[in-house]
Structures are given as structure tokens and as C-alpha cells.
Engineer: 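Once you've had a glance at the structure underneath, I'll fire off some questions.
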Amino acid sequence: MFAGRKVRLFHFLFEMLEDPNMAHCVSWVPTDAGVFRFSSTNKDQVAALWGQRKGNKRPMTYQKMSRALRNYSRSGEIFKVKKKLTYQFSRDTLMSLRKCHRGSL
DNA sequence: TAAGTTGGGAGAACCC
DNA sequence: GGGGTTCTCCCAACTT
């Protein structure tokens, strides 16, 4: 899935969310559609994986990854939820991600 | 107080 | 090479 070169951060995050093996790092919030939350202890693992995916020289951290996440708030793709380590995909972003995800299966 | 989390600005990398 | 977009990095403030 998303096996291209120009993988964007929210593509990668969606992959993590759809992977049951990554549920201990990041998972959907069952009570809110499109809302997901990072594990307080494993959030850096997700970031490290993202850094590897991009082939970064320096190790990625949650701090830096959340900075990129904040950029999505400006473009309206992902919004920050007023809870710790919690973000929300916009309806539109979620729809295109799901379409892309199903199409790549 | 310390640790963890969030936010801003500037610069680098990539694509047209 | 220029312009626009996305991502990375460092620093400071806020919350628990």
C-alpha cells in the first residue's frame, strides 16, 4: 500500500492505523470517527519508523513529527484535538486515504 | 521542579 | 534557476 516514493506523513500514519501490529504505537479512538491517538510510550517508535521510511539521516522524534502534523492543520488535512497525543483526520482526507488504501489492497 | 507535550520560525529538500 | 509545497530542526512556553 502507498508503495510509491512521495509518501506523505499522513499516508504513513494511516498505514500504521490500519496495521493491527502497530496498535500499541498508534490507534484509532473508537468513540470519535477519524480521531487517532499515539501511545505515550511508543510514539517515538512511530516517528522512528517514519524517519526510516523517508531515509532521514537524523533520527525522527515525536516532537519533529508533530511539527509536520501541525502543518496539516494549516492545510486542513489533520486537526489537533484538545487531548494529549490526539489528532483527527478531516473527513475529506480520511475519504481519499480510505479510497487509496482499498485500491492498493 | 521536572518531565512530557505543544507551538513558532527558519531553513533544506523536492517537484513543477 | 525560480517559485511553491512539504518536511526537518532548534528553541521556548505551557500543562500535568
Side-chain angles (χ1 to χ4, degrees):
Chain A
M1 62 185 83
F2 304 130
R5 328 129 199 203
K6 290 295 295 180
V7 168
R8 289 234 267 152
L9 177 53
F10 66 85
H11 291 155
F12 172 80
L13 282 176
F14 189 74
E15 274 189 64
M16 298 293 105
L17 287 162
E18 292 298 302
D19 186 353
N21 296 321
M22 297 303 295
H24 64 292
C25 296
V26 58
S27 58
W28 295 110
V29 175
T31 51
D32 297 292
V35 177
F36 63 97
R37 186 173 48 203
F38 292 96
S39 159
S40 182
T41 50
N42 295 318
K43 60 187 188 306
D44 280 317
Q45 188 176 332
V46 181
L49 251 39
W50 167 240
Q52 288 178 31
R53 181 78 162 243
K54 289 291 296 294
N56 292 346
K57 295 180 178 65
R58 305 293 307 162
M60 178 56 65
T61 65
Y62 175 77
Q63 269 203 6
K64 292 187 281 188
M65 188 174 66
S66 62
R67 213 52 47 242
L69 242 32
R70 252 185 50 72
N71 289 337
Y72 291 147
S73 299
R74 305 183 71 90
S75 52
E77 287 158 318
I78 293 179
F79 298 101
K80 184 71 185 76
V81 174
K82 267 66 179 178
K83 289 180 182 178
K84 272 184 184 291
L85 305 170
T86 307
Y87 294 82
Q88 177 174 26
F89 283 104
S90 76
R91 187 182 183 84
D92 199 51
T93 304
L94 203 56
M95 235 166 26
S96 50
L97 278 172
R98 281 184 174 144
K99 186 191 295 182
C100 188
H101 185 215
R102 289 165 65 102
S104 62
L105 283 177

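Below, read A as the first sequence line, B as the second, and so on, with proteins coming before strands; counting in each chain starts at 1. Just so you know, these numbers use all the heavy atoms, side chains as well, and skip hydrogens, waters and symmetry mates.
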Engineer: Quick check on contacts: within residues 55-64 of chain A, what sits under 4.0 Å from DNA chain C by heavy-atom distance?
Structural biologist: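 Correct list: A:Asn56, A:Arg58, A:Met60, A:Gln63, A:Lys64.
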Engineer: Hey, can you tell me if A:Phe12 and A:Trp50 have their rings parallel, tilted or perpendicular (30° and 60° cut-offs)?
Structural biologist: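 Plane angle between 30° and 60°, so tilted.
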Engineer: Tell me, please, which residues at least two apart from A:Asn21 pass side chain to side chain donor-acceptor pair (under 3.5 Å).
Structural biologist: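 With neighbours one apart ignored, the set is A:Asp19.
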Engineer: Mind checking whether A:Phe89 and A:Phe14 have parallel, tilted or perpendicular rings, split at 30° and 60°?
Structural biologist: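 The rings of A:Phe89 and A:Phe14 stand perpendicular, inter-plane angle above 60°.
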Engineer: Is any side-chain nitrogen or oxygen of A:Lys54 closer than 4.0 Å to OP1 or OP2 of C:dC7?
Structural biologist: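 False: A:Lys54 side-chain N/O out of range (4.0 Å or more) of C:dC7 OP1/OP2.
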Engineer: In chain order, what residues pass the side chain to side chain donor-acceptor pair (under 3.5 Å) check against A:Ser66, with sequence neighbours excluded?
Structural biologist: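 For A:Ser66, no residue satisfies side chain to side chain donor-acceptor pair (under 3.5 Å) once neighbours in sequence are set aside.
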Engineer: Please write out which residues are connected to A:Phe79 in a hydrophobic cluster, directly or through intermediates, given that two of Ile, Leu, Val, Met, Phe, Trp, Tyr count as joined at side-chain heavy-atom separations below 4.5 angstrom.
Structural biologist: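 None; A:Phe79 is a cluster of one.
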Engineer: Show the distances under 3.5 angstrom between N or O atoms of the protein and N or O atoms of nucleotides 10-12 of chain B.
Structural biologist:
none

Engineer: Report the distance from atom CD of A:Gln52 to atom C1' of C:dT8, rounded to the nearest whole Å.
Structural biologist: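 Between C1' of C:dT8 and CD of A:Gln52: 16 Å.
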Engineer: Rounded off to whole Å, could you give me the CZ-to-C1' distance for the A:Phe12 and C:dT6 pair?
Structural biologist: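 These atoms are roughly 16 Å apart.
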Engineer: So, using side chain to side chain contact (heavy atoms under 4.5 Å, CB included) as the criterion, who are the partners of A:Asp32 when residues are at least two apart?
Structural biologist: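 Partners of A:Asp32 by the side chain to side chain contact (heavy atoms under 4.5 Å, CB included) criterion, ordered by chain and then number, come out as A:Val29, A:Val35.
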Engineer: Identify, with sequence neighbours excluded, every residue that meets side chain to side chain donor-acceptor pair (under 3.5 Å) alongside A:Thr31.
Structural biologist: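 Residues passing side chain to side chain donor-acceptor pair (under 3.5 Å) with A:Thr31: none at all.
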Engineer: Mind checking if A:Phe10 touches a base, just sugar-phosphate, or nothing, with heavy atoms under 4.0 Å?
Structural biologist: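 Result for A:Phe10 = nothing.
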Engineer: Using the test ring pair (Phe, Tyr, Trp, His ring centres under 6.0 Å), find all partners of A:Tyr62 that sit at least two apart in sequence or belong to another chain.
Structural biologist: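 Ring pair (Phe, Tyr, Trp, His ring centres under 6.0 Å) list for A:Tyr62, sorted by chain: A:Phe38.
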Engineer: Please list each protein N or O that sits under 3.5 Å from an N or O in nucleotides 14-16 of chain C, with the distance.
Structural biologist:
none

Engineer: Using a heavy-atom cut-off of under 4.0 Å over every strand shown, decide if A:Lys83 touches base, sugar-phosphate, or nothing.
Structural biologist: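 Sugar-phosphate contact only.
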Engineer: Is there a donor-acceptor pair under 3.5 Å between the side chain of A:Lys64 and the backbone N or O of A:Pro59?
Structural biologist: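 Such a contact is found between A:Lys64 side chain and A:Pro59 backbone.
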Engineer: What is the separation between atom CD on A:Glu77 and atom P on C:dT6, rounded to the nearest whole Å?
Structural biologist: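 To the nearest whole Å, that distance equals 6 Å.
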Engineer: side-chain hydrogen bond (donor to acceptor under 3.5 Å, both in side chains): which pairs involve residues 75-85 of chain A, sequence neighbours left out?
Structural biologist: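 Listed by first then second residue: A:Arg8-A:Glu77, A:Ser75-A:Glu77.
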Engineer: Rounded to whole Å, how long is the line connecting atom CZ of A:Phe38 with atom C1' of B:dG4?
Structural biologist: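 Interatomic distance, CZ of A:Phe38 to C1' of B:dG4: 15 Å.
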Engineer: Would you please test A:Met22 and A:Glu15 for side-chain contact (heavy atoms from CB on, under 4.5 Å) and show each step?
Structural biologist: CA-CA 9 Å; A:Met22 297 303 295; A:Glu15 274 189 64; over 6 Å; no
Engineer: B:dT6 P sits how many Å from A:Met65 CE, rounded?
Structural biologist: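 Going from CE in A:Met65 over to P in B:dT6 covers 11 Å.
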Engineer: Establish, with yes or no, whether the OP1 or OP2 oxygen of C:dC9 is under 4.0 angstrom from a side-chain nitrogen or oxygen of A:Arg67.
Structural biologist: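 Looking at the OP1 and OP2 atoms of C:dC9, neither is under 4.0 Å from any side-chain N or O of A:Arg67.
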Engineer: What's the NE2-P distance between A:His11 and C:dT6, to the nearest Å?
Structural biologist: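 To the nearest whole Å, that distance equals 11 Å.
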Engineer: Look at A:Ser40 and B:dT5 and indicate whether a side-chain polar atom (N or O) is within less than 4.0 Å of OP1 or OP2.
Structural biologist: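 True: A:Ser40 side-chain N/O within range (under 4.0 Å) of B:dT5 OP1/OP2.
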Engineer: Do A:Leu85 and A:Val26 touch side chain to side chain, with heavy atoms closer than 4.5 Å?
Structural biologist: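 A:Leu85 does not reach A:Val26 side chain to side chain.
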Engineer: Tell me the interatomic distance from A:Arg8, atom CZ, to B:dA13, atom C1', rounded to whole angstroms.
Structural biologist: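 Rounding to the nearest Å, CZ of A:Arg8 and C1' of B:dA13 are 15 Å apart.
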Engineer: Not counting sequence neighbours, which residues clear side chain to side chain donor-acceptor pair (under 3.5 Å) with A:Thr61? List them please.
Structural biologist: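 In terms of side chain to side chain donor-acceptor pair (under 3.5 Å), with neighbours along the sequence ignored, A:Thr61 is linked to no residue.
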Engineer: Establish whether A:Val81 and A:Leu9 are linked, either directly or via other cluster members, by ILVMFWY side-chain heavy-atom contacts under 4.5 Å.
Structural biologist: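 No; A:Leu9 is not reachable from A:Val81 via cluster members.
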Engineer: Where along residues 41-51 of chain A does a heavy atom come under 4.0 Å from DNA chain B, residue by residue in number order?
Structural biologist: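 A:Lys43, in order of number.
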